Protein chains: 4
Amino acid sequence: MVRLKTEDKREAILKATLLLVNSNGFHAAPMSKIATNAGVSAGTIYLYFQNKEDLVNTLYRELKAKFSGHALYGFNPEAPVKKGFEVIWNNILRYKLSEPDEATFIEQCDNTPMVTDASREVGLKAVQPLYDLWERGQQEGIIKPLCRPMLYAFSLFPMIYVAGIYTKEGKELSREAIDAAFGASWDAIRT
Amino acid sequence: MVRLKTEDKREAILKATLLLVNSNGFHAAPMSKIATNAGVSAGTIYLYFQNKEDLVNTLYRELKAKFSGHALYGFNPEAPVKKGFEVIWNNILRYKLSEPDEATFIEQCDNTPMVTDASREVGLKAVQPLYDLWERGQQEGIIKPLCRPMLYAFSLFPMIYVAGIYTKEGKELSREAIDAAFGASWDAIRT
Amino acid sequence: MVRLKTEDKREAILKATLLLVNSNGFHAAPMSKIATNAGVSAGTIYLYFQNKEDLVNTLYRELKAKFSGHALYGFNPEAPVKKGFEVIWNNILRYKLSEPDEATFIEQCDNTPMVTDASREVGLKAVQPLYDLWERGQQEGIIKPLCRPMLYAFSLFPMIYVAGIYTKEGKELSREAIDAAFGASWDAIRT
Amino acid sequence: MVRLKTEDKREAILKATLLLVNSNGFHAAPMSKIATNAGVSAGTIYLYFQNKEDLVNTLYRELKAKFSGHALYGFNPEAPVKKGFEVIWNNILRYKLSEPDEATFIEQCDNTPMVTDASREVGLKAVQPLYDLWERGQQEGIIKPLCRPMLYAFSLFPMIYVAGIYTKEGKELSREAIDAAFGASWDAIRT
DNA sequence: GATGAATGAGCCTTCATTCAT
DNA sequence: TATGAATGAAGGCTCATTCAT
């Protein structure tokens with residue numbers, strides 16, 4: 001095993017955690033296996049993370065942050081509402097499809113008590129621009145007067161879910177399917 | 001501890017499992033604790049279930065079956081498409097709101113390797129009438145030509161997700177909110 | 001399951017124990033399985049035997065007694081030493097070959113702490129006539145002046161061992177092989 | 001408790017297993033007790049052995065190997081048949097008497113399903129020189145034309161059995177008794 | 001006598017975490 | 001920093017035995 005530099009070790013540990021958890025759930029990711037797969041000693045993990053919970057939460061937060069970064073890429077807050085929504089919608093879909101491992105991990109974490117509520121909220125802040133966009137759309141009478149969770153549930157959540165299914169089964173999402181999905185998302189929330 | 005009759009014990013074990021898993025995930029539901037909470041000895045569980053996996057899967061299947069029963073209550077296959085969809089949509093929502101524990105458990109199970117694929121597929125068969133309904137709607141040109149997973153993702157999944165959030169936070173879903181949610185669901189899939 | 005009479009139940013339990021222990025050792029013979037195989041309830045065993053140890057020891061003693069009965073069949077204490085020895089030797093061999101299950105069980109028991117020393121000694125008393133025969137042979141100068149355990153070890157034990165091997169492998173012992181074996185047995189202890 | 005070095009721990013675990021199994025059979029040798037007696041934590045055993053079966057089989061194989069080494073010590077394949085046999089016979093007896101614990105353990109293992117057939121066969125290969133010796137003896141007309149298991153059963157098995165008895169009862173085997181036993185062994189198989 | 005549901009101690013094994021090196 | 005042997009609590013499961021029916 002090649003000797004890794006400090007930063008690389010931290011990354012290797014995070015990567016090993018990601019893959020192991022994805023492959024069979026938290027149940028299949030003991031610290032010892034994470035260490036082995038990361039090419040690192042068991043004790044070493046504790047030099048970089050306080051404990052397993054910290055390791056998982058750290059990974060979760062980093063991925064969420066990365067995800068948020070992608071989501072707003074090229075987004076212009078002043079563009080028309082539908083246009084802005086389309087940009088973010090596509091960004092998110094593209095991320096889910098191009099980084100299926102990370103997407104899977106985030107989903108896994110959304111259903112485990114190992115990830116704290118504090119961690120879960122971290123990602124939300126970054127989406128503020130999206131909230132602002134919806135609000136503007138509502139003021140302009142373009143978007144249905146639904147509460148935030150509902151807007152999310154009807155316009156982004158379904159797409160994320162569908163992307164997960166296709167990824168899991170190894171299928172491709174065709175251009176037509178994607179357009180149709182966007183149509184459904186938009187129809188759900190537009191007035 | 002009052003002596004329970006056989007059938008009651010089985011039920012008590014299932015109930016204890018449900019609550020324990022809901023409260024903190026599978027991690028927080030060791031057989032010993034399930035036994036204690038069910039007012040039963042650890043060994044007794046194995047009189048009713050082969051092992052932990054069997055216990056969880058049995059519970060999952062029973063709840064899925066119950067859920068399916070509710071979903072189609074009062075559904076008339078020959079009614080107009082929108083009407084039929086509305087009936088099922090409301091049935092599901094009502095179930096999610098009235099049996100939040102069961103709903104939460106089913107969600108937990110959808111993300112654990114402890115539940116087998118075989119178990120997961122059991123529930124799907126019961127929804128055939130819904131699939132038929134969608135198909136009829138597509139033939140009549142009323143429903144968008146989306147694949148099944150997408151139809152599900154846009155019309156039922158969001159509502160289930162929202163109901164979960166409200167339940168978790170102890171809030172009530174107002175009549176208006178429900179109507180609005182149905183509107184969004186229908187708009188998402190109708191042409 | 002046909003209803004058995006009291007005596008039959010006792011026998012059925014003993015028989016089930018014998019077969020189960022033989023098939024895979026004591027490890028594979030839990031009381032519950034013995035009960036099932038005997039067509040009897042678990043609790044019933046305790047009507048006939050104090051506990052598992054008692055059950056096994058009782059079976060062991062009965063088999064030993066039966067074995068002893070066979071060993072001396074047709075034996076004439078006044079016949080010539082070699083003739084007498086030959087009768088007993090052949091009796092034992094015949095028993096081992098005709099009742100391989102019982103023979104196997106006895107061997108199993110000779111190596112488990114479940115069978116008490118008291119039980120082990122039970123069988124020995126019955127062989128007193130054999131001891132007397134050897135003693136007479138020694139007085140007559142026909143038999144080597146070895147201690148009893150040695151006489152047993154060289155003249156009967158090997159044959160029992162060999163019979164066990166042939167039985168286990170399902171082979172037949174030919175007449176010639178038997179004669180040869182007797183020759184070796186006799187040569188070992190005769191002067 | 002003094003801190004042992006790695007190799008010592010492995011040995012301590014094996015030794016504890018040996019003694020515990022000998023004292024009361026496998027039934028009396030739970031992993032927890034083995035650990036305690038070895039001055040080691042329960043989990044530590046699993047650093048050196050995969051599981052209980054592996055532990056027992058490893059010990060069995062090591063003892064068998066050691067035994068085989070002793071058996072052929074000083075054996076000259078070209079010496080006269082009787083001389084060669086005498087050497088091996090005495091080697092084995094000496095081992096049985098000087099290492100009674102190991103001898104007892106091997107016997108215990110020969111009757112438990114915990115020891116795999118693969119393990120049992122390991123020891124047999126080492127005895128090839130003895131088989132060759134017997135064959136030469138038969139060709140020279142010195143040894144009876146018996147099959148291998150019989151030769152073993154009549155010439156070595158009895159002695160092992162007797163040694164076990166004496167050891168168990170704490171008695172000494174006198175020089176005369178040993179000589180007499182060898183005489184019986186040799187008489188049994190020689191022509 | 002007979003049943004079999006119920007018990008609970010005990011077994012094997014895993015794994016997060018520590019600490020001497 | 002880094003290691004990895006060591007720990008020991010905890011988990012899932014089995015099974016001899018009891019007892020209300």
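Every chain is numbered from 1, with letters handed out A, B, ... down the list of sequences. Owing to the predicted nature of the structure, the values given are computational and were not obtained by experimental measurement.
- Taking the salt bridge (charged side-chain N to carboxylate O under 4.0 Å, His left out) definition, one finds that B:Glu53 meets it with nothing, sequence neighbours left out.
- For B:Lys66, the side-chain hydrogen bond (donor to acceptor under 3.5 Å, both in side chains) partners at least two apart in sequence or on another chain are B:Glu102.
- Taking B:Phe67 as the reference, B:Tyr95 meet the ring-ring contact (aromatic ring centres under 6.0 Å, His included) condition, with sequence neighbours excluded.
- In this structure, OH of A:Tyr48 is placed 8 Å from C1' of F:dA2, rounded to the nearest angstrom.
- In DNA chain F, consecutive stretches of 3 or more Watson-Crick or G-U wobble pairs with both distances under 3.5 Å are given as paired ranges: E:2-21 with F:2-21.
- Between D:Val56 and D:Phe26 there is a side-chain heavy-atom pair separated by less than 4.5 Å.
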Stepwise, does the salt bridge (charged side-chain N to carboxylate O under 4.0 Å, His left out) test hold for D:Lys64 with D:Glu107?
CA-CA 11 Å; D:Lys64 272 280 191 181; D:Glu107 270 175 66; over 6 Å; no
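- Taking for each of B:Gly43 and D:Asn51 the nucleotide of DNA chain E with the nearest heavy atom, the 5'-most of the two is the partner of B:Gly43.
- Protein atom NZ of D:Lys33 is 15 Å distant from nucleotide atom C1' of E:dC12, rounded to whole Å.
- Separating the CE atom of B:Met31 from the P atom of F:dT14 is a distance of 10 Å, rounded to the nearest angstrom.
- Residues of residues 106-120 of chain C having a heavy atom closer than 4.0 Å to DNA chain E: none are found.
- A straight line from CZ of A:Phe49 to C1' of E:dA16 spans 15 Å, rounded to a whole angstrom.
- Nearest-nucleotide positions on DNA chain F for D:Leu47 and B:Ala29 put D:Leu47 closer to the 5' end.
- Rounded to whole Å, the distance from CZ on A:Phe26 to P on E:dA16 is 12 Å.
- For the residue pair B:Asp110 / B:Tyr60, a side-chain donor-acceptor distance below 3.5 Å is found, with atom types taken as modelled.
- If you take CZ of D:Arg10 and P of F:dA5, they are 14 Å apart, rounded to a whole angstrom.
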> What's the verdict on salt bridge (charged side-chain N to carboxylate O under 4.0 Å, His left out) for D:Lys15 and D:Glu62, showing C-alpha distance, side-chain angles and the deciding distance?
Replying inline: CA-CA 12 Å; D:Lys15 189 76 184 171; D:Glu62 290 193 3; over 6 Å; no
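- Position along DNA chain E of the nearest nucleotide to C:Thr44 versus A:Gln50 favours C:Thr44 as the more 5'-ward residue.
- Under 3.5 Å, the side chain of B:Ser41 and the base of E:dG8 form at least one donor-acceptor pair of N or O atoms.
- The two atoms that bring C:Val21 and C:Ala29 nearest to each other are CG2-CB, 3.8 Å, heavy atoms only.
- For the pair B:Glu53 and C:Pro30, nearest-nucleotide mapping onto DNA chain F gives the more 5' position to B:Glu53.
- The phosphate of E:dA2 has OP1 or OP2 within less than 4.0 Å of a side-chain N or O from C:Lys9.
- Note: NZ (D:Lys52) to P (E:dT13) measures 8 Å, nearest angstrom.
- To the nearest angstrom, C1' of E:dC12 lies 15 Å from NE2 of D:His27.
- Applying the side chain to side chain donor-acceptor pair (under 3.5 Å) test to pairs two or more places apart or on separate chains, those with a residue in residues 112-124 of chain C are C:Asn57-C:Thr116, C:Asn57-C:Ser119, C:Arg61-C:Ser119, C:Thr116-C:Ser119, C:Asp117-C:Arg120.
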